[in-house]
Structure formats: structure tokens, C-alpha cells
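Following: one structure in C-alpha cells, then a few remarks.
The sequence lines fix the lettering, A, B, ..., with proteins before strands; numbering per chain opens at 1. Owing to the predicted nature of the structure, the values given are computational and were not obtained by experimental measurement.
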Amino acid sequence: MLASEGLPPQKEVVEEVQAAEEGEVDPKAKKKEEEKPRENGLLETDYAKRGFHLDVQVNPDQVVRSAEILDSEGMTMEMVTGVDWLKDGQFEIVYDYSFTGGELFRVVVRCRVDREKPDVPTISEVFGGANWHERETWELFGINFVGHPQLERFLLPDDCDYYPLRKDFKL
Amino acid sequence: MDELIRILSYFVGIAAFLGLNLAYLGWVERKGAGHIQRRIGPKDVGPYGLLQPLADGLKLMSKQLVVPDNADRLLYMSAPVLAMVATVILFVTIPWGENLVPREFDYGLIMIFAVASAAGLSILLGGWASGNKYSLIAGTRAVSQSVAFEIPMLITAITIVMITGTMNLNEIIRSQSGMFWNWNVFALDKSILMPISFLVFFVCSMAEINRAPFDLGEAESELVAGYITEYGGMGFGLFMMAEYGNMMIGASLTTILFLGGWQCPFGLFPGPHWFLLKMYFLIWTIVWIRWTYPRTTLWGLLNLSWKYLIPFSLVNLLVTALFIKVF
Amino acid sequence: MEQQAITDLLYIAAFTLGGLGFGFGPLLIVYFFAPRRNRNIINKTGIPIECGMYTIGPAWIRYGIVYYLYALMFLAFDVDVLFLFPVAMAYNDVQGLRPFIEIVLFVGILSLAVVYAWKKGVFKWEPKVYQG
Amino acid sequence: MNPSLFSPEGLAGLIFLILIAVTMFGAVVATCSKRLIRSVTGLAICFVGVAGLYYFLNSPFVAMMQLLIYVGAVCVTLAFAIMLAEPNEAKVARKITGLSGGLAALCGGAMAYALGYAAVHGEWMAAATKINDGSVKTIGVNLLTQYSMVFELVSIVLLVAIIGSLVLARQGRDEE
Amino acid sequence: MSGYFSYLLNGIKSLAIGLKITNKEFLTRPITLQYPHESVKMAPRYRGHIELLMDSETGTHTCISCGMCQKGCPSNCITVKSKKVPGVKGKVLTAYILDFTTCSLCGQCVENCKPAAIDFSNEYNLASTRKEDFVFDLLQKLHPEGVPEPKVDPALLKKEQEKIEAAAKAAAEKKEAAAKAATEKEGEGGEKAEGKS
Amino acid sequence: MTLLAQSQLQETFELNIGPQHPATHGVLRVKVIMDGEYIVKAEPVLGYIHRMHEKMGENRTWNQFWPNLGRLDYLSAIAYNHGYAGLLERAMGIEVPERAEYIRVITVELNRLQSHLLWFGAFILDLGGFTPLMYAFDEREQILDLLESVTGSRLTYCYFRFGGVYNDVDDDFITGTRAFIKRLRPQIPMYHDLVTKNVILMERLVDIGHISADMCRKYGATGPVLRGSGVNFDIRKNEPYSVYPELDFDVPVYHECDSMARYMVRMDEMEQSMRIIEQALDKMPDGPVKAEKAPKILKPPKGDYHFAVEAARGTFSMRTVSDATNTSYRMRLRSPTYSNLSLFEEASRGMLLSDALAFMGSLDLVIPEMDR
Amino acid sequence: MGTESISGIETSVPSSIVQFHMLDQLRALARANSLWPMTFGLACCAIEMMSAGAARFDLSRFGAEVFRPSPRQADLMIVAGTVNKKMLEPVKILYDQMTEPKWVIAMGNCAISGGPFKFKGQYNVIEGVDSFLPVDVYVPGCPPRPEALIEGILELEEKITGTRRWPRVKPETAVKG
Amino acid sequence: MLMLSSQLNTYLVIGAILFGFGVFGLVRRPSLIGMLIAAELVLCGASINFMAFSHFLAPDPTTGQIITLFIMAIAAAEAAIAMSIVIAVYRNYKSIETEDLVELNG
Ligand code: SF4
Ligand code: SF4
Ligand code: SF4
């Protein structure tokens, strides 16, 4: 039902989320793990090995949409975090979603942004809980969540000017 | 001249008694709390921890008094003294025994209320003068609480006055002579609701002196240390002593009005020991209650007064009036 | 003034003095016995206690409308109740049912205040709605 | 007749003087201090003194009432009102020293002088006999008999006061 | 109205029950363990700071100065110092410095130690006015009255000496051949402190 | 009326609660804007005990990270140990002997018991009752003794290892645990009598601090907070790990959504924990407690891994990114109270201050876990 | 090392107007036996601090169970846990706000040296509160057992009065039976 | 000096002085609450006079007392109402200073 609303690249995502929910095996899922940063798309993972069922990589502009879709499916935002891929020159923002209404189902949504210009739209409008997680990620990585209501120092002292979890961080 | 000597000797006596009590009520409280909580309480400072109050007192006396920067210096310093003065004055009319009373005032009952209500102001001033938000809030709370409970207390006292026709505390006790069913608390012939009004009075006296579970003024989990937040050392000590003093007054007043003061339950050998026995029992009850219940909320407390205690005491007043006229 | 009243007064005065002694005595001792200086690190001994933070805004805040309402009710009630004291003292001395009726009337009118406040929701402490 | 200072009467006289001093001191604080809350304290002190004066006028009951009502209730309510209205008196303390202060002093002084003059020079006639001792019991009896109308009236007045003040104080709040 | 009263009654009843319970507790014995007067025996597995174990056979520790504990420690609180003593197999522990103030009692060191030379002690009530008191030399703690000399195995000593002699001989030969600088090489195998990481 | 207009009209002021405040159980700071007794806005400020756990995860080898797990949520440290063990066992495919799993479950549940007991005491302390805290601590000491005899520590356990546990339990522990459970069983009704049924407590908890299930979902609240809002969700049941599927226990769920519901969930959970422990003690097989094949040097294959456990306060999940070296590339710890507290700001709006603090207590916060 | 390193802060309590030897002794005795700690829990160690006050260990036997939430009334600051950079300022303020006489116990390895969180390149933890507070007694452990805290308080009493009234306990290990 | 307490004039003068203080305060105080405080002083001065007259002159000393009690009651009622008005004024005009109120009105 949501498919029609989605933007073209997202349409695929939507369908697949629903498909996966229904337990169907997605034919387009890629098996192999890449050396290079992987392409956007959907990946069904082995739960027993990885701890989540579905692995989605999206563009930064699709993050909010994906959150909305997952929200309408009744899923919970568990955490938002970043990974600094120094050698790729990218940040990866990882969103963990899980379904708490019944049989557990975990979805990981990732998105990569450029290290130089780490802008990603906020999903705190969709999930209130993302507010703090994003704020923390901003603080520790310097990833800028566009539209976030309160990007202020959170865990660290107000006057500090470093992003400690960046790989090139040195005090 | 004799009178002056009498005044002096009574004062010295009361002062010694008071000093001892203020110190050792703290010990009783801590020890009692300890045993209620499966532990021992003060023990290693002197035998049974009996020197603990002395150590505490000396410590407090040798502790620096810091006046906060933006406090109102004068009021800040005078508030604890005021609280203490009000407490000490109250002892002038407590009849410990038939003849062991510093001074029998004809208006002793109302005088106690008057002075105690003036003491409420000292808390407010202390809280305000500290220049601290917590103190201010807590002071306001404490005062509005003691104010709220003053009314049912007064109404209940009026009931007693109505029965006995006097405000002289010793007279009130005398009117309860004989076996224990003559005590006001059991005086069902004077008003069927008497035991309830005893409860009302007791609860009110507990709330009036800001004791747990009504200790909103010192609600630690909300307002740090309440209106005494900024008071260190002896300022704190004075407030504490005043609290214990008020506790004694509250217990004594309940004893006098309802439990027959120095009367023996069986009409034999009345004397101060009975008074002390009853008073300490009530004090112990207060301590016991403190260590049993969680704290009420402010609204629960104010509503307890306005929704339950005041209506009850009013009804009691009317019932008593009826009983007196009818029977 | 009669002798008795004077004696009463003397007692009260003596105990007031004594109370002052009780109050100021310890403070005097503190003056002599307490340390004179405070060791401090950043010279913040005097700032108001606010859980280790600096206070935000003025310390003397505007506060307590609810208490104020209760205080108002108390004020009027208190005065009312105090009138009952002399009446209660004289209650036994006046024959007949008249005092009873007087008291019933008085208390009845008095309770109207409580009833009014109750009805008006002064005693209600419900969560408020603030839109953020 | 001037009793010795150390007789009970003498001490009582001394206490009287102290009470006058307290009253005056309180009045000064109440009118002149910059901080309103100190004014309230001054007022309370003044009332304590006045209560003492009532005591000397042989009506301890009224003295106690004075304490209970004025110190215990009115002052507390005043303090609350101050907290609610203007806790920070810095704003209030302004340009009062000059003209208005002088004017006020003049007014007050003239008033006090006139009244005091009238009082001291007036011809007051004491009643020959007293019909009762003015004790609380008599007050009560009077309230129940002679003044019973007033007694009831007081409660009505106060009821109206409560309701009125509640309405006023809650105005603009909760009921929009 | 009935709700008003039943609420009140239930409330009072619940309060009375509470009082009853605390009264009962008041009358039962406290459970306090009066620490300086009486003390608990520590569970055998209690983790105090680590200590070198006394081996009853040799009368000293069994540490082989392998440094595994030091490497595995997450907080870098162990410093193992050892030296080579002629006639003794392996390295000889000269100091085992534990900076207890950073230890997190994780047990990695104990786990990593192959010969089980260290274990947790039962020291549970340390306190002092100086923090240097908590930098222990465990070796000294094990032997408060002086660290015994390591037992020299004559056979090993002989072998080693032979080796040294052989080396010396070889060196001498070399010396003859090469420059004087080679003499320094003989010192090898002598004192060598394990570096701090 | 908007907030701004209201604050201009009303008497609002700002108040700091914390970091040194008895009610925040640690160094949480809540910046509160109050309107008289009412809270207009309460904004938690974290970071007063931020201890760089995630950074340390990148600096320390997999094995060296163990002590950190004990110090995150020091009240249910063993559950956190479990989460970490499970994570790497999943990543490396290590099989854990069954006895080890049972030991894990027993210790975790004991740990949960003590955590709930402490919460119970501290919560009542927040509400002004001092005595229940002492009783709870008394009970808790027994658990600590038991756990100490196994793990060696009282609080910051570092007991699990990849592929098993540090050491085996002995018979003393087993009999001791049984005896303890026998002892604790009658205590809980006593707590109910002393505390739960107390009218003052009821006044303070019932209908206070309403959190709807949807709000929990939006904020990612888990654990007793979620279950107090009527959602039957427990990782132990919904995403079974370890030997929980073999054990029979219920998940207490209350639908009132108020502080009392959360309180009751925890109280009931204690009973369930006791049930689990008893069953696990019965079922525990003999055998090794550590996988033989567990490698000493760990190098999980590349990729990211996720593992979640049910800690005392909710879902604790770990996500690690491995780059096949002996340290983690990125270690992410998702602490339950972080999410649970994040709804405080919204939920506390318009509450009375004392209610809000009671509500905060009912969230069961452990600050160092939140700040990480 | 130790307290001397903080410039400008002396370690002994400032003196009063009246000074006699006897009096000082008495005063020291009183102070030592009525050490009221401040409610100031930071992290894991705070739980053990609570345990020490609880029924099993019962600090109140030494008169030290009166945990005062306000620094003005407290004599003893037990730094129980990790102090990080954000917390530094509050700790300093709280110390300043305490009234004399005041003492500091550094409880737990974190407070002594940063403990497990001390590593090269760390960005947020203060490595030892003695770098800015005049610490009187150190109680190591992670966390220290409640006994150790009690021992610390006894140690502090010894420091104040100069004598130790209590026996020293030698740790014993239970033998498996 | 020590017998002042038994002279009517003393009380009258005290009453007058209090009254004067009250007037002084009424004029001088810039804020409504300050004026209220001053007004209490005025009432107090009046009460003292009443009491003094009733004690020294009136045949029935209870009358004065009862009247004083009534004054108290009325004063309390007045204070309650006045303070509520002050609060209401404050809420509407954000000030309790008389001058500001004048400005706002005109
Ligand atoms: S227990 Fe852990 S932290 Fe302590 S010395 Fe051993 S390895 Fe290091
Ligand atoms: S203690 Fe063990 S691990 Fe450490 S150096 Fe000695 S033998 Fe090696
Ligand atoms: S010393 Fe250990 S137990 Fe104490 S706060 Fe630090 S990490 Fe926690």
C-alpha cells in the first residue's frame, strides 16, 4: 500500500520490506559481501550469523522515507550509530530497527555519506527516540543531522571541539 | 523575689531536660531506625553509641558557618534562632506534673498554637533568606503544609475546650482524672468520634512539625535538603533541634489533650512519670511511623487536610456540641 | 495589671530570653570554635547550592500560586475558627439550645467555603498540558 | 510611685518598654526596608510587640489571637503574595528617597502628632465600675448572646472573602 | 461517598499493616556484621588484587617471566621485570610491579598465565592515606623478608658456563679476526629488563 | 496557548536537578523549567559520567574489553557479559557447552534479582521511604555473596568468557542458591504488604507517569517500561538466546501504563527470575564450562554483528563492526535506559515535580550505562 | 604525587580563634566520630557506598551514616566513581561549597587514578581526583568492598585523631568444606 | 518610666505613632503590597486605641475586645481580598508598582 507513495528507488525497498515481513525469499538479495562499499539495495542476511534479518542500504535522502515506512509497519527504532570508514573517506550511518509487536524481526538501514560533507536528514521527527541517538552520533562523529532540533553537546563537555570516535581522532 | 528564683530554677531545669532530650532524641531516632532496618545504629561511639549525640553536637559546633553570597544575611542568621526561640517558649506552659509546671497559663492551649504558628514564619524566612531556589520552594511547601494542618488541629482543640470549658492545660488534665476511660481519647460519652479526633490531632501534630511522612519541607529526593539546604553546621543543628523540640511539644500536647497528661491510667499515683511515659510513647510512634512510610506528595497532603481532616474535625465539633447539649 | 498576669509575663519573658540563649549560644560557640577559613579550589564557596551547578536565573523566583490559594483559604478559615475559641469556652455556661444552633450555623457557613473550593477544583492537582 | 527595677512590677515595666521598642522597631522595618520580605518580617515583629501591649491591657486572649492571625496567617499570606508578585524587589527600590519620602514622612508625622496630641490632651473619663472582668468566657458568652448576630456575620463576611479572593486569585488561570 | 470512606478505611488498614511489619523487624535481631570486630572469610574465588602464588615445592613463585599477563592486561597495570641468572633455566623474576590503582580485576592476567603463577588475593580492606601504597611489588609481598636467591642448577650452570666458554672461545677467535668492538657482545645474556609497554 | 506565551504569562523558572542530587541516582542532570509545582519542560542532560566505553572497544582487544562490560550497567553486569559473549560467539561461531549456558542463565537471573531488589529499595527511597531499601539490601547481600563465591566480585562482574564462563560453580553455590530462593520467596509478599499496598505509595504511583505503548515504540523503550505499557515483549521470549527456550517462565505484562504498572512488572519479574533459577538448577547438566575449541586469539570475520539480550532494564544490544583484526573496528552499545529516559522529556511535561521524580524512579535509571 | 601536588590547597583543617591542645583533641575526637558523608554517588562504587550504609555493614555504628544531600552539612566527600571532564566543575564546586572541616575520600580505582578507564589517548576521564582535590584517604578496588570503605573511614578517623581505636583485620579466606 | 503600662496615654500615643507609620508607609511605598503592609499598621494602631479605651474607660471591657477581634477578622478578609487583587493586577500588568499602573491606565 505504501509502494505507490515511495520515490522510485525506494519502491523497491518498500516492496522488499513487505515481502520479507511475509516471509518470502527475496530473489534480488545479494549474497556476497563486497570489498568495496556496497551498492544501495537490499540484502537478506543470515540471522544466526549476523543477528539481523534484513540489511538495507539507502541514499541519504531516502533515510527519512525508510524510517516512515518502517514506522508504519509498527517497528521500533533501536539505535542510530555511525561508523567511520576512514580509508573510504565515508561515514556510515546505521539505523537499527526491530519489531517488538510479535515475532522479532530486525532491519538494519545504512547509509553512507561523504566524510567531508557528512549531512544526513534527521529521523527524529518520525521516531522521537532518534533524537538523542542522532545527537550523540553528531557529537562523537561530527555527522550533521540536517533538521535536528537540538544538535548540542550532549555527552561531552560543552566546550570541547573534537569528535572522539573518528578514526583520525587524537587528543 | 521567690518568684524570680522559681523562674530561674524552672528554666534551668527545663533547659537541662530539653538539652538532654534534643540530643538523645536524635540518638533514639537513629538507633530506632537502625533496629527497624535490621541494623544496629550508632554503637561504637561510647557504650551503645551513647556518646554519639555529644560527638555530633561538638562537631556541629566546630563546623564553619558559611553564609551564601546572595543570601539575606540578617534573615538567614536569625531564622534558625527564631525557630529555636519559639520552641523554647512553648515549654513554659507544659504541665509535666500536677505541680511540676513552670507556669499555668489560663490560655496555655491557645498560646502554644500562637507561638507555634509564629514559628512557621521562621521556616519561610529561612527558606527565603537562603537565596536558593530549593530552599524557597521547600520553605513555601513546609509553611503551606503546617498552615493547612493548623486548622483541623485548632478545631479539634476547640472540641476539647468545649468539653472541658477551659484553656488551661493543667485544668484539662485534671478534668480527665480517674481511670483511663476518662481520658478524652476514650470519652465516648462526650463525643462518639473522640478516638477519631485523637487520630486527627496526632496526624496534624505530625504534619505541623514537618515530620515524615509529611516532611515535604525536607524532601530529600526532590529538593536536596529542603529549606535547610544552605544551612550548614549549627544553623542546621538549630533547625534540627527545633524540630525535635516541636516533636516533644506535639507529643506533649496530644498527651495533655487526649491521654490525660500526668494522670495514671488506673487513677493511682499520678505524676510526671506518666506524662513522660505517654509522651515518649507518642514520640516513639512518630519515629516508628517515619521509618515505615514513604513520603506523601504535597497535594496528597494538602488534600488530606482539606478533604478529610477538616471535614472530620468540623463534624466532630458539631457532634460534640450536640452531645454536650443533649446528654 | 494583676499580680498573676505580671508573673505570667515574667515567665514568658524568661523563657524568651532563655530561648534566645539557646539560639545564640551555639552560634557564639561556633564563632569561637569553627575554622576561620574555607579551603577551596575555585573560590565558589558562597554560591547557592544547586546540585553542583550554577544557578540559572534569579534565586528569588516567582513561585507558589497554589500555595497562595491554600494560604488564602487558611487565612479566612483561621480567623473563623479562632472565633470559636471563646464560644467553646462559654458553651457550657449558656443554657439552652441556642449556642448549639449558633455553632451549627457558624460551622455550616464555614463549611460552605470548603465545599465551594472543592467544587471549584482548588484541591485538584491534575497534570497540566503544555505544548512544547 | 516607681517600683524598683527588680520587683516583678518593675520587671514588667521594663518588659513593657522593651515591647514598645520592639513595636516601634518593627514598624520602622516594615515601612522603611527595601526588601518587601523584610517589611513583612518587620510587620511580624511589630505585631508581636502589639500582642504584648494587648497583654498589658489585660486581654491575653486578644494578644494570642493577634499572634495567631497576624503573625501566623496574615504575614505568611503576605509573604506568599510577595513571592508571587515581586520576589525581586530590586525593581521596586527606586527614587523613593527624595521627594516622596519627605512627603511621606511629613504626612505620617503630622498624622501621628495630631492623633498623639489629641490623645494626650483629651479628657478621658474612666467608667466608674466594670460590669465584668473581660475574660474569654465573658467574651464567649457575649458572642453567643448579645453579639450573636455579629458572630454569624463574621463567618459570612469571611466566606465571601474566601470565595472572592479565590475567584480573584484564580482569574486568568485554569479557566480559559 | 462510600468510595470516600472505603478508601479511607483501606488506607488506614494498609498503614497499620506497614507499622506491624516494621515493628516485627524492630524486634528481630539486626543482621549487621560488625566489621572491625568481626569479619567475613573471603570466598576462595574472591578477587582482590593479584598476587604471586607460593609454590610449596620450591618455596617460591613459579613465574617464568613470560610477560603474558602484562600483555593481556587491559589496563596496563602489570610490569614484569626479569633478568637472566647464570645457572637458572629461563628468566628470573626480579620485580613484579602491580599498579593496583588501575586494575579492574578482570582476571585476564590470571587466565593468561600458563604456569598459574598468579592468582587473586583475598585483600579486601585496603585503605591508606597515600596512593603510592597501592603500587605493589608482588615479589616482595610474597617474600617480605627478602627474595631468596634462585636455585642454581649445577648441571645447567655447567652447561651454560661451557656454552659461555665456547662462546668466549669463539669470540676470542673472532676477536682475533675482527676488531675490538666485538668484546661488548659478551655481555649479551646478562641483565635485560623487560621493557614497559 | 503556546509554551512561549504561557511562560511569559506564568511564573516559570528554571531549576537544576542534579548532577549531585539524591533523586537522580548518580550524576544525571535534569534541567527543569517549572511553573510553580508543574513541570513545563524537563530536559535531561547526560554526560557527567561518560566513560568512553565505545572508544575503548576500538582500542582494546576483544578479550581486553571484558572489564568494560561489567561497568556499563553495574547492576546487571552479568547480562551485559552475556551480551558480549553472545555477540562474539555469534561472530565466530563458537559453540557453548550446555552447562556453561545454564550457569550463565542462573547468574544472569540472580543478577537480575539483585538489580530489581536494589531498584525497589532505591525507588522507595526516592519516594521517601528509607526502610525498604535496607531490607532489599539485606536480601541483595545474599545474592552478592552467592555471586561472589562464583565470580569473585560483587558488582562489576567479569565472569563470562567466549565459549563459556570463567569457572565452574560448586555444590555450595547450588545449595546456597536454593536456600536463598526459599528465603526470598516469602519476602516478596512482605514487600507488597509493607510497600505496594501502602496507601501513600498508591497515591504516588497509580495513574502517574502515563506512557502509552506507542510512545514506547517511538522512543525505543524496552524492558519493564515497555511491559508496563502493555506490550508483551521480552528478548528472552521473542528472540530466544542461550537456554531460555528450555525454561518455562512468564513475562509479566501490565496494561495500566503508569508508574505502578512498571513497579508491578519488576516485582513480578523477581518471582519469574526465581522460577527460572530453580528450573535451571534442576536442569543443569554436567560437563565442561568452556568450549574446548575456543580460539585464544580472536579475529572475527569481516562484517557487522548484532546481539541482544534482556538485561534488567530492557534490551541491551551490541553491534560491532569487525575488520578481522584482534580489535573491534566499531563497538556500539545500545543501552536500554538511554532510550527509556529519552521519553522523559515528553512524558513529564505538565507533571508535578514530585510525580515526575517518582516517574523517573520508575524508569530505573543507571546513569553510567546511559552515558557509556 | 599525593595531595602536595595541588598548589594552593593545604591538607589540614584551618584553625579557629580558640585553640588549646586539649580542646583541639576533643574537637578532633568529635569530628572523627561524626563524619557525615555527602550523598554523592558517581558510578559503580556508589552502590558499594550504599551497601556500606546498609544493614549488613552499617556505617552508622561509627556515626557516619547520616548521608547529607547538601554539601553545607556534610563533612566528608566520598568520591565514589569516575570523574570525567564534564563532571570536573561540579565536583570542584561541591567541594568548595562544603563547610570546614571537610575531608575527601577517593573511593575506587577510578577516583584514585582513572582506573580501568585510564588509557593512552583517552579523552574524557580525569586520571585521579587528587589532581585537584586534597584527598585524605584512598580506598582502592574496583569496586572496593564495603569493608574497605569502612576501613577508609577508620583510616580517616585515625588521621584526624592520631590514634586508631579499632583492631586491624587481616583478611582470611574461607576454606572449602 | 516603669509605670507607663498603666496609663492610657501611653497606648494612645503608641497607637498614634503606629498610625503615623502606617500613613507614612502608605504614601512612601511604591508597590501595592508595601502599601498593604502599611495599611495593616494603620489598622493595628486603631486596634490599640480601641483596646486601650475599652480597658481603661469602658464599663464592659469585652466590647473593646470583641471589636478588636472583629477588626482582625475584617483585616484578614481585607488582606485576603486585597492580596488577590494585587495578584490579579500583577498578572495582568506584570507590575505591582502604583506608578506603572497609572501609566497603564492612562
Ligand atoms: S586483573 Fe585485569 S586489570 Fe587487573 S592486573 Fe590482571 S589483567 Fe590487569
Ligand atoms: S605471572 Fe604468569 S603470565 Fe605473568 S610473567 Fe609470570 S608466568 Fe608469565
Ligand atoms: S573503580 Fe571500578 S567500580 Fe569504581 S567506579 Fe571505577 S570502574 Fe566502577
Side-chain angles (χ1 to χ4, degrees), chain A residues 33-35 45 47-53 55 71 74-87 92 94 96-106 108 110 124 126-133 135-137 139-141 150 152-158 160 164-165 167 169, chain F residues 43-52 54-55 58 86-87 90-91 93 213-222 226 231-235 237-240 301-308 315 317-321 329-335 338-343 345-346 370-372:
Chain A
E33 301 220 3
E34 313 83 330
E35 284 299 301
T45 48
Y47 172 76
K49 277 199 89 152
R50 305 289 295 277
F52 43 85
H53 300 86
D55 188 339
D71 179 30
M75 293 188 88
T76 308
M77 200 277 326
E78 264 201 6
M79 57 181 158
V80 179
T81 186
V83 184
D84 181 8
W85 295 106
L86 186 59
K87 64 178 198 305
E92 180 178 345
V94 186
D96 274 82
Y97 297 95
S98 64
F99 185 63
T100 51
E103 187 68 20
L104 198 99
F105 185 79
R106 289 188 187 279
V108 178
R110 336 159 166 271
S124 57
V126 187
F127 287 102
N131 185 325
W132 282 19
H133 287 274
R135 205 169 149 191
E136 184 192 323
T137 311
E139 168 161 58
L140 299 178
F141 285 96
Q150 197 183 10
E152 290 163 16
R153 285 283 163 196
F154 194 39
L155 295 180
L156 299 176
D158 291 334
C160 77
L165 282 190
K167 284 285 172 190
F169 161 74
Chain F
E43 183 197 348
V45 181
L46 311 188
Y48 289 94
I49 192 87
H50 176 57
R51 298 197 281 192
M52 320 169 287
E54 291 184 0
K55 184 79 184 170
E58 298 173 15
L87 179 74
R90 173 173 279 171
D214 194 52
M215 193 167 174
C216 285
R217 184 177 71 79
K218 291 268 186 191
Y219 281 93
T222 45
L226 184 63
V231 180
N232 186 347
F233 179 77
D234 188 325
I235 294 282
K237 284 272 191 212
N238 295 47
E239 191 187 16
K302 265 191 178 167
D304 45 1
Y305 305 94
H306 181 279
F307 193 81
T315 308
S317 55
M318 295 190 75
R319 148 177 292 284
T320 185
V321 181
Y329 189 75
R330 168 87 176 104
M331 182 79 78
R332 169 67 179 176
L333 310 155
R334 186 237 185 232
S335 50
Y338 190 74
S339 299
N340 290 359
L341 184 69
S342 63
L343 53 73
E345 183 171 339
E346 188 179 326
M370 220 147 50
D371 286 2
R372 281 157 293 135

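- The structure places CG of A/Leu156 at 10.0 Å from CG of F/Asp371, a figure rounded to the nearest 0.5 Å.
- Residues A/Gly129 and F/Ser342 come closest through the heavy atom pair CA-OG, 4.2 Å.
- With a 4.5 angstrom heavy-atom cutoff, F/Leu87 does not touch chain A via any of its atoms.
- For F/Thr315, the part lying under 4.5 angstrom from a heavy atom of chain A is the side chain only.
- In this structure, F/Lys218 contributes its side chain and A/Val126 its backbone to a donor-acceptor pair below 3.5 Å.
- Between A/Leu140 and F/Lys55 the shortest side-chain heavy-atom distance does not fall below 4.5 Å.
- Ring geometry for A/Trp85 versus F/Tyr329: interplanar angle under 30°, hence parallel rather than tilted (30 to 60°).
- Annotation: side chain of F/Ser339 is in contact with side chain of A/His133 (closest heavy-atom distance under 4.5 Å).
- Looking at every heavy atom in both residues, A/Phe154 comes nearest to F/Tyr338 through CE2-OH, 3.3 Å.
- A/Met79 CE to F/Met318 CE: the interatomic distance, rounded to the nearest 0.5 Å, is 9.0 Å.
- In this structure, chain A has no heavy atom under 4.5 Å from any part of F/Pro301.
- Annotation: side chain to side chain contact (heavy atoms under 4.5 Å, CB included) contacts of A/Asp84 (sequence neighbours excluded): A/Leu86, A/Phe91, A/Arg115, A/Phe141, A/Arg166, A/Lys167.
- The side chain to side chain contact (heavy atoms under 4.5 Å, CB included) test applied to A/Thr76 returns A/Ser98, A/Thr100, F/Arg217, not counting sequence neighbours.
- With a 4.5 Å cut-off on side-chain heavy atoms, F/Ser317 and A/Glu78 count as touching.
- Contacts of F/His50 with chain A are made by side-chain atoms alone, with heavy-atom separations under 4.5 Å and no backbone atom involved.
- In this structure, the portion of A/Gln150 lying under 4.5 Å from any heavy atom of chain F is its side chain and not its backbone.
- For F/Tyr305, the parts lying near chain A are the backbone and the side chain together; criterion is any non-hydrogen pair under 4.5 Å.
- The shortest side-chain heavy-atom distance between A/Glu136 and F/Glu54 falls under the 4.5 Å cut-off.
- Annotation: maximal heavy-atom pairing with chain A below 4.5 Å, among F/Met370, F/Glu346, F/Arg90, occurs at F/Arg90.
- Once rounded to the nearest 0.5 Å, the distance linking CG of A/Leu155 with CZ of F/Arg51 reads 13.0 Å.
- Side-chain contact check for A/Arg110 versus F/Asp304: some heavy-atom pair is nearer than 4.5 Å.
- The pair A/Asp96-F/Arg319 meets the salt-bridge criterion, with a side-chain N (NZ, NE, NH1 or NH2) lying under 4.0 Å from an Asp/Glu carboxylate O.
- A salt bridge links F/Glu239 with A/Arg106: at least one charged nitrogen is closer than 4.0 Å to a carboxylate oxygen.
- Interface remark: F/Leu46 contributes backbone and side-chain atoms alike to the contact with chain A (heavy atom separation under 4.5 Å).
- In this structure, the side chain of F/Arg332 does not engage the main chain of A/Thr81 through any donor-acceptor pair within 3.5 Å.
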